[in-house]
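Working notes, structure below.
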Number of protein chains: 2
Amino acid sequence: MTHTIKDVAKLAGVGIATVSRVINQNGYVSPDTAKRVMKAMAELDFTPSPLARGLVSRKTATIGLVIPDVANPFFAEVARGTEDAAIAKGFTVILCNSDWKAEREKMYSKLLRQKWAEGVIAVGSRSSESSLRELIDPLPMVFVDRFTMLPGSDSVWSDNKKGGLLATQHLIDMGCRKLAHISGPTHSPASIARQKGFLLGIKEANVSWEIVKGDFRYRSGYDAGMELLTRDVPPDGIFAGNDLMAVGILQAAASLHIRIPDDLLVIGYDNIAMAEYVAPPLSTVDQPAYEMGRIAFDMLHKKMQDETRESRNVREFEPLLILRESTNRK
Amino acid sequence: MTHTIKDVAKLAGVGIATVSRVINQNGYVSPDTAKRVMKAMAELDFTPSPLARGLVSRKTATIGLVIPDVANPFFAEVARGTEDAAIAKGFTVILCNSDWKAEREKMYSKLLRQKWAEGVIAVGSRSSESSLRELIDPLPMVFVDRFTMLPGSDSVWSDNKKGGLLATQHLIDMGCRKLAHISGPTHSPASIARQKGFLLGIKEANVSWEIVKGDFRYRSGYDAGMELLTRDVPPDGIFAGNDLMAVGILQAAASLHIRIPDDLLVIGYDNIAMAEYVAPPLSTVDQPAYEMGRIAFDMLHKKMQDETRESRNVREFEPLLILRESTNRK
DNA sequence: GTGAAAGCGCTAACAA
DNA sequence: TTGTTAGCGCTTTCAC
């Protein structure tokens with residue numbers, strides 16, 4: 001059914017090495033024979049087998065995308081970004097949902113290495129540095145939303161601590177005196193950093209505060225909101241670890257007839273598409289998910305070409321406060 | 001670094017064929033040598049190269065998932081379902097965002113065939129039957145959210161037309177007299193079917209109606225809502241082609257101070273996680289996305305084992321009306 | 001039961 | 001400039 005390099009060689013009346021040369025555009029081939037070979041390839045609708053090719057050249061044009069959960073809009077956007085960038089370069093991406101679990105990350109890293117993926121992009125990875133090193137071993141890798149000092153691995157991230165600080169300060173600037181923070185999963189480095197930012201902001205001001213644990217999912221924001229807002233003295237400002245949870249808080253407030261921003265200010269993180277359209281529109285800290293995905297792939301691609309692989313590039317995005325109704329106190 | 005079958009053979013003091021036999025558990029191997037080989041494999045931490053293996057056996061333990069857009073929560077859930085099911089069987093999934101574009105679907109189908117994917121799951125595919133046939137050609141395939149009469153291809157779906165009818169009738173039952181439907185992209189078969197259901201429901205009742213085109217994204221629901229609800233005589237019931245757009249309508253209504261369900265009833269489709277938590281909680285038609293993804297993979301897996309591949313299995317889910325506040329008129 | 005050898009489709013020396 | 005040949009790591013006859 002599909003043809004091999006041999007068929008092409010025979011049809012073009014040349015040796016298989018010559019065909020290989022025109023496929024890979026390396027070595028010397030006279031323009032004339034090249035043309036004949038191309039014609040033969042076209043005629044047979046020939047495409048070289050990546051399997052055979054990979055076997056000898058160790059190149060598979062495949063990368064792994066290790067992500068906590070595609071069902072989270074932020075990660076989904078990142079995934080779209082890398083996928084679009086990858087396909088543009090002829091690369092294929094293997095989807096790996098880690099569910100925030102270190103074992104799953106390990107399992108995948110093994111699988112990817114075994115399948116000869118050429119590189120991996122790890123988003124919001126939970127693994128500790130040492131297991132990352134193991135994970136990474138032979139493959140070039142770039143981290144998204146996770147800073148790393150590991151030599152030879154790139155990262156694209158934004159300073160989540162700073163972002164958390166920005167959000168917190170904004171709440172304080174707007175007059176909040178009793179703050180709450182809904183944190184993300186404890187194994188998310190981004191979540192931890194945002195929380196640190198929160199604590200930093202708190203320390204400088206004379207306000208009371210508390211932290212409730214969430215998991216980055218809508219529901220946990222809603223639940224946390226319900227709990228916090230039914231207290232005797234509810235907070236007057238909430239910084240949620242991500243937008244999804246912030247929206248949950250908005251809904252909890254709505255069902256409790258607590259008005260935003262009159263009685264309560266809410267700010268999220270990520271600036272997902274939804275943030276602009278919820279009621280009231282949500283203030284947040286911007287992270288350009290799609291863009292980050294694209295850039296992560298481009299960095300990886302560059303690194304895959306590079307023999308030495310010793311560079312350690314970091315692309316940092318500035319956390320940007322996006323102010324909308326939800327923190328717009330008159 | 002990684003070891004080959006040869007190393008194992010040498011260490012175990014046997015031939016490579018024997019090693020191959022114990023890997024694949026076929027052919028005769030004495031329990032004794034088998035044990036020795038296993039020990040050697042363990043000792044070397046050996047895993048066979050899928051590349052070499054695939055080259056000879058045509059098996060890659062890889063499938064393609066062609067999906068319009070992972071950034072859509074419904075599709076993301078389906079993706080999680082198939083990924084979870086796939087990894088459980090040792091399969092790897094290649095992510096293919098088609099963006100609803102037929103060319104992209106074609107491009108991917110070519111790529112997947114070329115890379116020796118063993119099967120593909122196509123979700124909400126837009127391709128016409130004929131190009132599907134071409135797409136499908138050598139590979140087993142299952143369609144999700146897209147019914148097909150193509151021989152040899154399975155599908156898992158729910159009757160979207162019926163679901164659309166259900167939603168529409170519910171609105172009418174609740175006393176709506178001026179209905180609107182926000183449709184999904186015209187190239188989505190599911191969207192078309194839901195719209196048909198809407199028209200069917202309309203025909204039986206004596207109500208006025210109209211259809212506004214959307215694209216299944218949040219923003220288009222919001223925009224459509226803004227347009228419809230600022231008319232002189234706005235509709236009193238809206239059936240959105242999916243939940244994401246329905247939530248957009250909710251927000252549009254909120255910002256226009258239109259009360260739901262007092263002044264307007266809204267119903268969506270899909271029953272995504274968010275639907276339960278928006279304000280007010282959204283009535284919708286249930287489609288078990290995650291489950292559908294799982295089942296799609298299981299069907300595909302079965303078909304991949306099957307030599308003949310001639311069966312045509314269909315797994316249908318009953319569209320289920322989920323009633324919440326957004327259509328709960330007193 | 002087990003090993004030697006051929007070959008999957010390709011790339012990369014090495015000759016010519 | 002081009003063809004021949006030796007593998008890449010594995011599966012699978014076919015002898016023994």
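These values consider heavy atoms only, across backbone and side chains, with no hydrogens, waters or symmetry-generated copies. Throughout, a chain's letter reflects where its sequence line sits, starting with A, and its residues are numbered from 1.
- Heavy-atom distances under 4.0 Å link DNA chain D to B:I16, B:A17 of residues 7-17 of chain B, given in residue order.
- For the ring pair (Phe, Tyr, Trp, His ring centres under 6.0 Å) test, no residue two or more places apart in sequence or in another chain qualifies with B:F317.
- Taking atom NE2 on A:H3 and atom P on C:dC8, their separation rounds to 15 Å, with Å as the unit.
- B:S49 comes within 4.0 angstrom of the backbone, heavy atoms only, and of no base.
- For B:S30, the side chain to side chain contact (heavy atoms under 4.5 Å, CB included) criterion is met by B:D32, B:T33, not counting sequence neighbours.
- Between A:R53 and C:dG9 there is no side-chain polar atom (N or O) within less than 4.0 angstrom of OP1 or OP2.
- Terminal axes of the helix from C:dG1-D:dC16 to C:dA16-D:dT1 (five pairs each, C1' rotation axis) are separated by 40°, to the nearest 10°.
- Rounded to whole Å, atom C1' of C:dA12 lies 12 Å from atom CD1 of A:I5.
- Residue pairs meeting the side chain to side chain donor-acceptor pair (under 3.5 Å) criterion with at least one partner in residues 88-97 of chain A, sequence neighbours excluded, do not occur; the list is empty.
- Among residues two or more places apart in sequence or in another chain, the side chain to side chain contact (heavy atoms under 4.5 Å, CB included) test is passed with B:P68 by B:F75, B:S98, B:W100, B:V123.
- Side-chain N/O atoms of A:K115 and B:T60 include no donor and acceptor closer than 3.5 Å.
- Taking atom CD1 on A:I23 and atom P on C:dG9, their separation rounds to 13 Å, with Å as the unit.
- In terms of the side chain to side chain contact (heavy atoms under 4.5 Å, CB included) criterion, residue partners of A:T4 (sequence neighbours excluded) are, by chain and number, A:K6, A:D7.
- At least one side-chain nitrogen or oxygen of B:T33 sits closer than 4.0 Å to the OP1 or OP2 atom of C:dT2.
- Applying the ring-ring contact (aromatic ring centres under 6.0 Å, His included) definition to pairs two or more places apart or across chains, none involves residues 10-60 of chain A.
- Contact annotation for A:V29: backbone-only contact, meaning every heavy-atom pair under 4.0 Å involves sugar-phosphate atoms and none involves a base.
- Rounded to a whole Å, the CZ atom of A:R58 is 12 Å from the C1' atom of C:dT11.
- In summary, contact between chain A and DNA chain D, defined as any nucleotide atom under 4.0 Å from a heavy atom of the protein, begins and ends at D:dT1 to D:dG9 in the 5' to 3' direction.
- In this view, A:K39 and A:E43 satisfy the side chain to side chain contact (heavy atoms under 4.5 Å, CB included) rule, not counting sequence neighbours.
- Summarising the geometry, the separation between NZ on B:K6 and P on C:dA4 is reported as 11 Å, rounded to the nearest angstrom.
- Checked by atom type, the side-chain pair A:K110/B:T47 shows no donor-acceptor distance below 3.5 Å.
- Taking the salt bridge (Lys or Arg N to Asp or Glu O under 4.0 Å) definition, one finds that A:D69 meets it with B:R80, sequence neighbours left out.
- Legend: side chain to side chain donor-acceptor pair (under 3.5 Å) pairs involving residues 8-26 of chain A, not counting sequence neighbours, sorted by first then second residue: A:S20-A:N24, A:N24-A:R53.
- Mapped onto DNA chain C by nearest heavy atom, B:L55 and B:S30 fall at different nucleotides, with B:S30 at the one closer to the 5' end.
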